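Model, not experiment: these values are computed from the prediction. Sequence positions, counted from 1, serve as the residue numbers for this chain.
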Amino acid sequence: LTLMNLRTLENLNFINVEIGYHSGFRLSPDKRKIVFPEIWDDEKNLWITQVWDLETEKLLYILDFSSDVTKVDFSPNGKYFISADKDGYIRIHDLETGNTVKQMDFTAQVEDVDFVSTDTFIAGYYQGQVRLWSLNTEEVVGSFEGNTDWGNVVSISPNQKLIAAKQDNSTVRVWEIETGSLISTINCPDKKAMDSMLFAKDSKAVLVECGNSLDTHSVTAWDLESQK
C-alpha cells in the first residue's frame, strides 16, 4: 500500500502487507495510524486485523478474530476503534495498545458500525435493522425503522445529526439521529444496485453510486431539503 500526496503526487508512505487477502483499510483521525481490519492469515488459518504506524512504517500489533471483521471505525477523540465481526461481536479497542476495553455479544450479525459520539455508536444488522447503542449501558437508545431487506451499510453525516443506511434492494434511507424520524428515501433508477453512498461535507445531500456489474455506473447527488 502506497499513500500519496494528491497535490504533488509524491509518495508519502509504503506499507507492505505480506499476508493473503485483505479488504481495504482505515486511517486514524490524526493520520498517524492505519488499520487493515480484514486480513486472511493462511498460516494461522484465521482472520486478523493489523495496525501500523505510518510515521515509522512499522507494524504495531495484530488482533486475531474467529471470523472476518465487517467494519472498523474510530472514536471522535481518536483513542479507540470499534470492530464488528460476523460472529456477532462488537469490540472496543485501545488504539495505542490494541487491548479490548469492552466487548458486546450480539445475537445477530452486524454488518456495519459507526461512532456517533465517544459513548454511542450506530449498528447496521445483516437482517436490516439499524440501532443506536450506548456503550456505557450497553442498551439500545434509538431505533430507525423502515428497512426490511438484508444487508446494511450505515453512514453518519459530518454534522453528526443524520444517519443513512444502504441495503441490497437499491435503497438508501436517511433518518434524524435525535428523533429517529425518517426524512428521506433514495432509490437507484431502474432498480440498479447501489454500490456506495456518501454524505456531502455540508450534510445537506447524499451522493449515491448506482449500476450493475456490467453496466456503466452513475453518481447522483440527492438534495435532502428539496428531496430531489
Side-chain angles (χ1 to χ4, degrees), residues 21-29 35-41 46-51 62-76 79-95 98-157 160 162-177 180 182 193-199:
Y21 168 85
H22 71 86
S23 62
F25 59 89
R26 291 295 300 270
L27 285 173
S28 63
V35 178
F36 295 87
E38 186 185 26
I39 302 175
W40 176 252
D41 189 325
L46 50 72
W47 293 96
I48 64 172
T49 291
Q50 291 187 355
V51 179
I62 296 174
L63 303 176
D64 294 344
F65 292 89
S66 58
S67 67
D68 51 322
V69 173
T70 56
K71 177 70 180 294
V72 298
D73 190 43
F74 297 96
S75 62
K79 293 183 178 181
Y80 307 98
F81 72 94
I82 188 172
S83 67
D85 63 46
K86 289 189 176 179
D87 280 342
Y89 291 101
I90 285 182
R91 297 177 176 90
I92 307 298
H93 311 270
D94 185 293
L95 183 56
N99 293 336
T100 300
V101 297
K102 185 180 285 288
Q103 176 174 301
M104 299 170 65
D105 186 1
F106 285 66
T107 57
Q109 179 177 318
V110 177
E111 285 293 300
D112 205 350
V113 287
D114 277 290
F115 272 105
V116 177
S117 67
T118 303
D119 301 321
T120 57
F121 68 90
I122 290 284
Y125 297 81
Y126 182 78
Q127 294 91 339
Q129 305 97 331
V130 181
R131 301 287 184 264
L132 178 66
W133 286 82
S134 166
L135 282 173
N136 293 329
T137 64
E138 299 186 11
E139 295 179 348
V140 174
V141 293
S143 297
F144 306 92
E145 306 301 334
N147 281 357
T148 57
D149 204 359
W150 63 274
N152 233 336
V153 177
V154 298
S155 179
I156 307 297
S157 63
Q160 303 288 299
L162 303 174
I163 176 177
K166 177 180 79 69
Q167 295 184 296
D168 283 356
N169 62 356
S170 305
T171 300
V172 164
R173 291 180 176 85
V174 182
W175 297 268
E176 290 182 341
I177 292 177
L182 178 66
M194 188 173 295
D195 282 348
S196 59
M197 63 175 179
L198 179 69
F199 276 101

Nearest atoms (heavy-atom pairs only) where [X] meets [Y]:
X	Y	result
G98	L63	O-CD2, 3.4 Å
I177	F144	CA-CE2, 3.9 Å
R26	V72	NH1-O, 2.9 Å
S75	P29	O-CG, 4.1 Å
I92	Y80	CG2-CB, 3.9 Å
L95	S28	CD2-CB, 4.0 Å

Inset, instruction - Kindly assign one of parallel, tilted or perpendicular to the pair F81 and H93, based on the angle between their ring planes and the thresholds 30° and 60°. - result: parallel
Could you grab the distance from atom [atom1] of [X] to atom [atom2] of [Y], nearest 0.5 Å is fine?
X	Y	atom1	atom2	value
I163	L182	CD1	CG	11.5 Å
I48	E38	CD1	CD	11.5 Å
L46	D64	CG	CG	5.0 Å
L135	S117	CG	OG	8.0 Å
K166	R173	NZ	CZ	13.0 Å
M104	E139	CE	CD	9.5 Å

Note, [X] side chain near [Y] side chain (heavy atom, < 4.5 Å):
X	Y	result
V154	F121	no
F65	T49	yes
K102	I90	no

Inset, instruction - Say whether, by atom type as modelled, one donor and one acceptor occur between the side chain of T70 and the main chain of V110 under 3.5 angstrom. - result: yes
Legend entry - Whether D73 side chain and F115 backbone form a donor-acceptor pair below 3.5 Å: yes
Legend entry - R91 bridged to D85 by N-O distance under 4.0 Å: yes
Legend entry - Check against side-chain contact (heavy atoms from CB on, under 4.5 Å), V69 and W47: CA-CA 8 Å; V69 173; W47 293 96; 6.0 Å; no
